[in-house]
*Asks:* 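For reference, the structure I am asking about is given below.
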Amino acid sequence: MSAPVHPQRADWSNNSWGRQNSWDGRPGRPSHLPTPEPEAPQPSAPEQRSQPGYGLRGPKRDRHLLPAEVLDQLTLPVGDDGIVIGVDPENQPAVLGLLRPKPLDVLVVGSMWIAQLLSLRTVAVGARVAVETARPQAWTQMAQAAGGGQQCVSIHDVRQIAPQGPSVSSPVLVVRDCGAQPPRNQLAPSSWQSVLTLLPFLGPRAPRLLARADLLGLQRLSPQEADVIARIMRLPRQVAETLPTLSDNAMLWCTRNHHQFVLTQPTDSENGLLGAPRRMD
């Protein structure tokens, strides 16, 4: 019996089973085996030098240089500070600064609705509100809703309000809702404390209150009331004739030197809490 014949093993040492590899040019490697990718050279990191007290240097940037002679032309536009009470005839936000370093006496002839709206927005800017009123039940719901659970609105009976301790970090708005003939204010004038007196209409004491007021807010008035206001506040005749025609959400804010019509725009949450704008309660 003849001896079995075994096929010769492939000789990996010569070039008989290999071919020139087109990837790296190394002979002798079978084409069906993967060729490792060549390692890309790693760029050398730039040398970082630390400076005492400053850490590593950051990326270099061009400096912004300004000649000294144009420094006076630099301006920083800053709008009015206060509470937004609506929009003016140009549809721009109307801002009322109720909280000031000096005492401020504000007189509003209108509804409790506008007084409560101003109180809510005063609380929204971080101030406290103290209400002196003959109808505390009408203010209870608003006082509980204001401040998000914090007691930012306090309610007091007429002539029972105590000093509120206003300061620059805790300014106070005192709202006096005491009818058409309010008694004299029991609180002494104080810095960072403003007093807003609400009148439903002009009563016998209105001329004295108008003469003392620093700022006047007016909802719709009767023609007779508009004539009294125009005479005391020196309003133009055209403005006085407009007062009896104002809508429920329109107001005139004025001093003896300036006047501005404002359209109040309550938010959805304010409408839900206070109801729609109204002139009479």
*Asks:* May I ask you to decide if L118's main-chain N or O and T122's side chain share a donor-acceptor pair within less than 3.5 Å?
*Replies:*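 Side chain of T122 to backbone of L118: a pair is present.
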*Asks:* Are any of the side-chain heavy atoms of C254 and Q260 separated by less than 4.5 Å?
*Replies:*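 Side-chain contact under 4.5 Å: no.
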*Asks:* If you measure from NE2 on H156 to CG on L187, what distance do you get to the nearest 0.5 Å?
*Replies:*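 Rounded to the nearest 0.5 Å, the NE2-CG separation comes to 8.5 Å.
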*Asks:* What's the spacing between T197 OG1 and D177 CG if we round to 0.5 Å?
*Replies:*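 Here the rounded value is 10.0 Å.
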*Asks:* Take F201 and L221, measure what side-chain contact (heavy atoms from CB on, under 4.5 Å) needs, and give me the verdict at the end.
*Replies:* CA-CA 8 Å; F201 53 85; L221 302 177; over 6 Å; no
*Asks:* In Å and rounded to the nearest 0.5 Å, what is the CD to CZ distance from Q219 to R279?
*Replies:*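 The CZ atom of R279 is 5.5 Å from CD of Q219, to the nearest 0.5 Å.
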*Asks:* Quick one: closest heavy-atom pair of V262 and G86, and the distance?
*Replies:*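 Scanning both residues completely, I find the closest heavy atoms to be CG1-CA, 3.7 Å.
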*Asks:* Just how far is it from atom CD1 of I229 to atom CG of L252, taken to the nearest 0.5 Å?
*Replies:*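 Those atoms lie 9.5 Å apart.
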*Asks:* Please tabulate, for the side chains in residues 89-108, all donor-acceptor contacts under 3.5 angstrom to protein atoms that are two or more places apart in sequence or on a different chain.
*Replies:*
| residue | atom | partner | partner atom | Å |
| --- | --- | --- | --- | --- |
| R100 | NE | G97 | O | 2.7 |
| R100 | NH2 | G97 | O | 3.2 |
| D105 | OD2 | R212 | NE | 3.2 |

*Asks:* Less than 4.5 Å apart, any side-chain heavy atom of P223 and any of P244?
*Replies:*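 Contact flag for P223/P244 side chains = yes.
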*Asks:* Got a sec, which residues hit side-chain hydrogen bond (donor to acceptor under 3.5 Å, both in side chains) with S167, two or more places apart in sequence or on another chain?
*Replies:*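 Once residues adjacent in sequence are excluded, the partners of S167 under the side-chain hydrogen bond (donor to acceptor under 3.5 Å, both in side chains) criterion are S169.
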*Asks:* If two hydrophobic side chains count as joined below 4.5 Å and joins carry through other members, does W113 share a cluster with V131?
*Replies:*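 As far as the 4.5 Å side-chain criterion goes, V131 and W113 are connected within one cluster.
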*Asks:* According to a 4.5 Å side-chain heavy-atom criterion applied to Ile, Leu, Val, Met, Phe, Trp and Tyr, with indirect links allowed, do L198 and M251 form part of one hydrophobic cluster?
*Replies:*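 Per the 4.5 Å side-chain linkage, L198 and M251 are co-clustered.
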*Asks:* Calculate, to the nearest 0.5 Å, the distance between atoms SG and CG belonging to C152 and L173 respectively.
*Replies:*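 One gets 12.5 Å once the value is rounded to the nearest 0.5 Å.
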*Asks:* Kindly give the heavy-atom pair with the smallest separation between A115 and V175, and that separation in Å.
*Replies:*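 Closest approach of A115 to V175: CB-CG1, 4.5 Å.
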*Asks:* Under a 4.5 Å cut-off applied to non-hydrogen side-chain atoms, are W139 and Q116 in contact?
*Replies:*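 When only atoms from C-beta onward are counted, Q116 and W139 do touch, with a gap below 4.5 Å.
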*Asks:* Inspect the surroundings of CD in Q238 and state if more than 12 heavy atoms from other residues, nucleotides or ligands are less than 6.0 Å away.
*Replies:*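 Counting neighbours around CD of Q238, 12 or fewer heavy atoms of other residues, nucleotides or ligands fall under 6.0 Å, so no.
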*Asks:* To check you understand the geometry: which heavy-atom pair defines the closest contact between A145 and L273, and what is its length?
*Replies:*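 Smallest interatomic distance, heavy atoms only, reads CB-CD2, 3.7 Å.
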*Asks:* Just do the side-chain contact (heavy atoms from CB on, under 4.5 Å) check on T267 and N271 with the steps written out, would you?
*Replies:* CA-CA 6 Å; T267 63; N271 272 327; over 6 Å; no
*Asks:* For R184, which residues count as a side-chain contact (heavy atoms from CB on, under 4.5 Å) partner, sequence neighbours excluded?
*Replies:*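 Applying side-chain contact (heavy atoms from CB on, under 4.5 Å) to R184 gives R208.
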*Asks:* When rounded to the nearest 0.5 angstrom, what distance separates CG in L216 from CG in L235?
*Replies:*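 It comes to 8.0 Å.
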*Asks:* Taking W253 as the starting point, is it possible to reach L218 by hopping between hydrophobic residues whose side chains are less than 4.5 Å apart?
*Replies:*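 In one cluster: no.
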*Asks:* Can you check whether P182's main-chain N or O pairs, donor with acceptor, with R205's side chain at less than 3.5 Å?
*Replies:*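 Such a contact is found between R205 side chain and P182 backbone.
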*Asks:* Write down the atom of S154, the atom of Q164, and the distance for their closest heavy-atom approach.
*Replies:*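 Closest pair (atom of S154, atom of Q164, distance): OG-OE1, 4.1 Å.
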*Asks:* Check side-chain hydrogen bond (donor to acceptor under 3.5 Å, both in side chains) between T255 and all other residues, then give those that pass, not counting sequence neighbours.
*Replies:*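 Partners of T255 under the side-chain hydrogen bond (donor to acceptor under 3.5 Å, both in side chains) test: none.
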*Asks:* Would V125 and V153 show up in the same hydrophobic cluster when neighbours are defined by side-chain heavy atoms closer than 4.5 Å?
*Replies:*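 Yes, same cluster.
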*Asks:* Hey, are R121 and E270 close enough for a salt bridge, meaning a charged N less than 4.0 Å from a carboxylate O?
*Replies:*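 Judged by the 4.0 Å cut-off on N to carboxylate O distance, R121 and E270 do form a salt bridge.
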*Asks:* Shortest non-hydrogen contact from L210 to M233?
*Replies:*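 Taking L210 first and M233 second, the nearest heavy atoms are O-SD, 4.4 Å.
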*Asks:* So Q151 and R128, side-chain contact (heavy atoms from CB on, under 4.5 Å) or not? Walk me through it.
*Replies:* CA-CA 9 Å; Q151 188 177 0; R128 293 180 289 129; over 6 Å; no
*Asks:* Do N185 and V195 have side-chain heavy atoms sitting under 4.5 Å apart?
*Replies:*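 Side-chain contact under 4.5 Å: yes.
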*Asks:* Same cluster or not: L209 versus I161, using hydrophobic residues (I, L, V, M, F, W, Y) connected whenever any side-chain heavy atoms lie under 4.5 Å apart?
*Replies:*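 They do not share one cluster, since no chain of ILVMFWY contacts under 4.5 Å joins L209 to I161.
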*Asks:* Residues two or more places apart in sequence or in another chain: which of them pass side-chain contact (heavy atoms from CB on, under 4.5 Å) with Q137?
*Replies:*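 Checked Q137 against side-chain contact (heavy atoms from CB on, under 4.5 Å); zero matches.
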*Asks:* How would you list all residue pairs meeting salt bridge (charged side-chain N to carboxylate O under 4.0 Å, His left out) that involve residues 219-231, not counting sequence neighbours?
*Replies:*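 Residue pairs passing salt bridge (charged side-chain N to carboxylate O under 4.0 Å, His left out), neighbours aside: R220-D248.
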*Asks:* Are the side chains of S191 and P166 in contact, using a 4.5 Å heavy-atom criterion?
*Replies:*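 Of all side-chain heavy-atom pairs linking S191 with P166, none is under 4.5 Å.
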*Asks:* Does N249 use its side chain to pair, donor to acceptor, with the backbone of L263 at less than 3.5 Å?
*Replies:*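 Flag not set: sc N249 to bb L263 has no pair under 3.5 Å.
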*Asks:* Considering non-hydrogen atoms only, spot the tightest contact between Q193 and A188 and give its length.
*Replies:*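 The answer is NE2-O, 3.5 Å.
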*Asks:* Please examine the side chains of Q160 and E132, heavy atoms only from C-beta on, and report whether any two atoms are closer than 4.5 Å.
*Replies:*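 Result no, sub-4.5 Å side-chain heavy-atom pair not found.
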*Asks:* Is there a side-chain contact (heavy atoms from CB on, under 4.5 Å) between V158 and T133? Walk through the geometry before answering.
*Replies:* CA-CA 6 Å; V158 178; T133 178; 5.9 Å; no
*Asks:* Going by heavy atoms in the side chains, are T264 and I85 under 4.5 Å from each other?
*Replies:*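 In short, these two side chains do not touch, never coming nearer than 4.5 Å.
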*Asks:* Is it the case that atom CD in Q141 sees more than 12 heavy atoms from other parts of the structure closer than 6.0 Å?
*Replies:*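 Open.
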*Asks:* Heavy atoms, side chains only, cut-off 4.5 Å: are P200 and S111 in contact?
*Replies:*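 A side-chain contact under 4.5 Å is absent here.
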